[in-house]
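Inspection log for the structure reproduced underneath, given as C-alpha cells.
Note: hydrogens, waters and symmetry copies are ignored here, and every other heavy atom, side chains too, is used. Chain letters run A, B, ... following the sequence lines, proteins first and then strands; every chain starts at 1.
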There are 2 protein chains.
Amino acid sequence: MCSRGHSVNGLRLHPNRMEYTVSKLARMYGLSRSTLLYYDSIGLLKPAHRTEAHYRIYTESDMNRLEQIRTLRNAGVPLSEIKIMLEDPASRSGRILVQRLKAIQQQMKILRQQQRLIVHLLDKPQLLKKLPLLSKKKWILILRASGLDDKGMELWHREFEKTAPAAHQDFLESLGLSPEEIREIRQQH
Amino acid sequence: MCSRGHSVNGLRLHPNRMEYTVSKLARMYGLSRSTLLYYDSIGLLKPAHRTEAHYRIYTESDMNRLEQIRTLRNAGVPLSEIKIMLEDPASRSGRILVQRLKAIQQQMKILRQQQRLIVHLLDKPQLLKKLPLLSKKKWILILRASGLDDKGMELWHREFEKTAPAAHQDFLESLGLSPEEIREIRQQH
DNA sequence: CTTGACTTGTCTATTGCTTGACAGTTTATC
DNA sequence: GATAAACTGTCAAGCAATAGACAAGTCAAG
C-alpha cells in the first residue's frame, strides 16, 4: 500500500520495457521452459541478461529472435541450421531452405512407399476405400467420368508436364507406378 | 590341408547349417553391425547362441525373424511395435499397421505445411517452377487445357469424392487450400 | 611365435527436446 | 519475520535408431 514504486520486485523487471523470465516467455509462446533452457544451452537463444540471482531475463529483441526460430522450426529446419541462418542472415539462408525443401520431398517419397507397403501387408481391400491411396486405375476412371477421352488425357499429361514437371513426377509416384513406367509417361509428353 | 575337419575354427560355425556372426549377417542384409547389436540389446533379435568366446551366432530362424523386422521397419513401424507384432502375430498386427498408416498421413500433412511455409519464406517465384508444388490456379489451367469445362470439373470433383474421399481431402490440402475452402468443395459434391 | 588384418564386445555421440531431481530465490500470506 | 507456495538454477538421464571409436580378441601367414 505504501508505495516505493508499485512493486519493485527482486527480479528488477521493468514492466514497461517488456522483460520476461523463462517460464513467462515459454507460456507466451506455448513452449516448455525446458525448450528455452535448451536453446540457451546450445547458444541459440541467450537471454539479454541475468538478475543478481542469476535468473534469465529476456527482452524484446530476444522475442523477435525466438519468433524467427519458431517459424523456421515450423518449417522443419534443424536448430543447427537455424543458428547459421540467424548468424549469417542473407548468405546461406536460401540454400538452407532449398535444401530443406529437397529433404521434405525425399521424406514424402519414403512415406508414400511406406503407405504402399503397409497396404500390401494388410491386403485388405475394404481398408483401401478409406485410405487416401489412389491407383492408376481409379484415377483414370475419375478422369473418364469427368468426360475426358484418351485424347484429353494425353493433353492432360502434356500440360501437367509442361506446367509443373516436378509435381508431375511426384503425382505419378503417388499412384504407385514403377520408375520405368513414370519415365515412359513423362518422355512421351 | 591336413584335415581335422576342413576348418574347425574357434567360432565353431557349422557351414552347412548357415550360421553367421554379427558382421556377416549385417553385411548380408545391408545393415550396420550396430543395428544388430541394438536389436539384441532391446531383446528384439537375440542370436540363437554364443560361442565360448561370447560371440553372437545367428541361425536361419534368426534370419527369418530379421527379414520380418526389416519389412516392418521399411513400413516405418517403430521397433517397439514390431516387437509386439512378432510376439503376438495375429492379434494386434492389423491395428498397429492401420495406426501406422494414420501416422503417415499426419506426417505428410505436416510436410506439406512445411513446404508451403518455406516457399512463402523464399518468396521467389522462379523457384516455384522447379518445385513439386501445385496451386489451385495451375491445376485448373491444366484441366482446362485438357479440354475439361466447368461442368467437367464439377463431375471430376464429384467422382473423386465418391471414389476416394480421403485422397480427395489430401489432394485439396496439397493444393494449399484452407480448411474452410476444402470443406466447401467436398460438401458440394 | 610374431606380425598384421580383421574381427568382437562395449561404450559414447547424435537430434530436439522432455522429465525429473535437488537446491536456492522470490512472492504472498499471516 | 516466519512460512509455504511457486518459482528459479543446474545437472542428469531418457527417447529411436543407428554410427563410430576403442581396446581386446582371433585368425592366417611367415
Legend entry - Distance (rounded to the nearest 0.5 Å) between A:I82 CD1 and A:I96 CD1: 9.5 Å

Legend entry - Steps toward side chain to side chain contact (heavy atoms under 4.5 Å, CB included) verdict (A:E19, A:H49): CA-CA 10 Å; A:E19 303 193 322; A:H49 50 273; 3.4 Å; yes

Legend entry - side chain to side chain donor-acceptor pair (under 3.5 Å), paired with B:H168, selected from B:E173, B:E161, B:R186: B:E161

Inset, instruction - Kindly calculate the angle separating the two end axes of the helix from C:dC1-D:dG30 to C:dC30-D:dG1, each obtained from five base pairs, and round it to 10 degrees. - result: 30°

Inset, instruction - Could you tell me whether B:R112 and A:D170 have a side-chain N and a carboxylate O separated by less than 4.0 Å? - result: no

Legend entry - Short N-O contact, A:E181 and A:K136, less than 4.0 angstrom: yes

Inset, instruction - Mind calculating the distance between CG (B:L36) and P (C:dT10) to the nearest angstrom? - result: 15 Å

Legend entry - Sequence-aligned protein contact record of nucleotides 9-24 of chain D, with B where the base is within under 4.0 Å of a protein heavy atom and S where only the sugar-phosphate is: BB-----SBBBBB---

Inset, instruction - Name all residues meeting the side-chain hydrogen bond (donor to acceptor under 3.5 Å, both in side chains) criterion together with A:R65; count only those two or more places apart in sequence or in a different chain, and write none if there are none. - result: none

Legend entry - Spacing between B:K46 atom NZ and C:dG9 atom C1', to the nearest angstrom: 14 Å

Inset, instruction - Return yes if a side-chain donor-acceptor contact under 3.5 Å exists between B:E184 and B:Q188, otherwise no. - result: no

Legend entry - Spacing of A:L25 atom CG relative to D:dT8 atom P, expressed in whole Å: 11 Å

Legend entry - Over all atoms of both residues, closest heavy-atom pair of B:D62 and B:K46: OD1-O, 3.4 Å

